[in-house]
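One structure is given here, and the rest of the page talks about it.
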Amino acid sequence: MRTNGVSSRRRCDQAQRVGQAQAECCIQCNTSRSLQVHSVYSPAHPWQLVGGTMDPGEPPWRTAVRECREETGITPTGPPRLLATVYGPPGGGWPYSTIGCVFDGGRLTAAQIRDVALAPEEHDEVRVLPLAGWKELMPSSDFARLSAVEGARRTGVAAYFDTWGWGPE
């Protein structure tokens, strides 16, 4: 069974591996535009910030750095600056609540963006677009979250978002 493009079995297996207090950590790397990676496993949420699931005992910033390195070949240097926190209730095939942290991954040069090395088992494309350019490419909940993250980056005030958008829009 697939829910929102990701198999329920995969989500349940992952939830059992990480436990009930599971957290996602994403990192945003960009110039003055947003960098997103295209998911090979989630057609319902095709464009995503770089990031992923925390390993047991792993702090959020360390997760963000590890995931960015694994998914793009880029290692953010920090210091960590929290842009947003995202709460996800159980649903969409995921049995537990989640908490996610979105950190500022810094600004990349054009050469760094050209050198992004994607993990093909997770992503097959990288794009860097102005915020408005993402609106037609992602679900409204994903765009609202990206807009909140970009607003936090501009203002320096961290955002709080109440859902990952895995359930019905």
Side-chain angles (χ1 to χ4, degrees), residues 5-6 10-11 13-15 17-19 21-43 45-88 94 98-134 137-138 142-161 164-166:
V6 179
R10 180 178 173 194
R11 282 197 177 147
D13 289 347
Q14 186 180 20
R17 179 177 57 84
V18 298
Q22 194 261 335
E24 294 284 327
C25 226
C26 301
I27 195 158
Q28 184 173 25
C29 301
N30 69 35
T31 55
S32 61
R33 302 167 295 160
S34 297
L35 182 143
Q36 300 271 298
V37 289
H38 187 262
S39 172
V40 299
Y41 57 82
S42 182
H45 300 277
W47 292 98
Q48 304 171 354
L49 293 167
V50 176
T53 305
M54 291 172 58
D55 289 337
E58 184 178 40
W61 171 247
R62 192 173 307 152
T63 299
V65 170
R66 175 183 55 78
E67 288 284 342
C68 192
R69 184 178 54 249
E70 289 174 2
E71 293 182 6
T72 67
I74 295 166
T75 302
T77 57
R81 183 167 77 107
L82 184 66
L83 295 177
T85 302
V86 183
Y87 169 76
W94 190 260
T98 62
I99 293 289
C101 299
V102 181
F103 290 99
D104 187 339
R107 296 185 181 273
L108 300 179
T109 65
Q112 288 172 307
I113 293 168
R114 277 192 308 274
D115 290 343
V116 166
L118 295 176
E121 65 280 2
E122 294 188 52
H123 304 102
D124 60 3
E125 186 178 352
V126 63
R127 287 189 192 175
V128 179
L129 298 172
L131 181 61
W134 291 110
L137 298 175
M138 57 180 50
D142 292 1
F143 183 73
R145 187 174 53 253
L146 180 60
S147 296
V149 168
E150 285 294 322
R153 171 172 271 174
R154 277 190 318 277
T155 65
V157 177
Y160 173 76
F161 212 81
W164 286 111
W166 289 340

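Distance check: Q48 CD to S42 OG gives 5.5 Å after rounding to the nearest 0.5 Å. Considering OG1 of T109 and CZ of R114, their distance stands at 7.5 Å, rounded to 0.5 Å. Note that CZ of F161 and CG of L83 are 14.0 Å apart. Values are rounded to the nearest 0.5 Å. Taking CZ of R127 as the reference point, atom CZ of R33 lies at 12.5 Å (rounded to 0.5 Å). Atom CD of E67 sits about 6.5 Å away from atom CD of E122, to the nearest 0.5 Å. Rounding to the nearest 0.5 Å gives a distance of 10.0 Å between CE of M138 and NE2 of H38.
Considering all non-hydrogen atoms of both residues, S39 and H45 come closest at CB-O, 4.1 Å. Heavy-atom minimum distance, Q112 versus R107: OE1-O, 4.0 Å. Closest approach of A152 and A159 over heavy atoms only: CB-N, 4.0 Å. Pairing each heavy atom of P60 with each of C101, the nearest pair is CB-SG, 4.0 Å. Listed here is the closest heavy atom pair of L49 and V37: O-CG2, 4.2 Å. For the residue pair L129 and G133, the shortest heavy atom distance occurs at CD1-O, 3.7 Å.
Residues S147 and L131 meet the side-chain proximity criterion, which asks for heavy atoms closer than 4.5 Å. When side chains are defined from C-beta on, E125 counts as touching W47, because their heavy atoms get closer than 4.5 Å. At a threshold of 4.5 Å between non-hydrogen side-chain atoms, the residues D124 and L118 do not count as touching. Using a 4.5 Å heavy-atom threshold, the side chains of T75 and V65 count as touching. In this structure, the side chains of R62 and M54 stay at 4.5 Å or more apart for every pair of heavy atoms. In this structure, the side chains of L137 and Q36 stay at 4.5 Å or more apart for every pair of heavy atoms. Put simply, the side chain of L35 reaches to within 4.5 Å of the side chain of L108, judged on heavy atoms.
Classified by interplanar angle (parallel below 30°, tilted 30° to 60°, perpendicular above 60°), the ring pair F103/W61 is perpendicular.
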Next on the checklist: Would R145 and V102 count as a side chain to side chain contact (heavy atoms under 4.5 Å, CB included) here? Give the steps.
Outcome noted: CA-CA 10 Å; R145 187 174 53 253; V102 181; 5.7 Å; no

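Using a distance-only test at 3.5 Å, with no hydrogens or angles considered, a donor-acceptor pair links the side chain of E71 to the main chain of G51.
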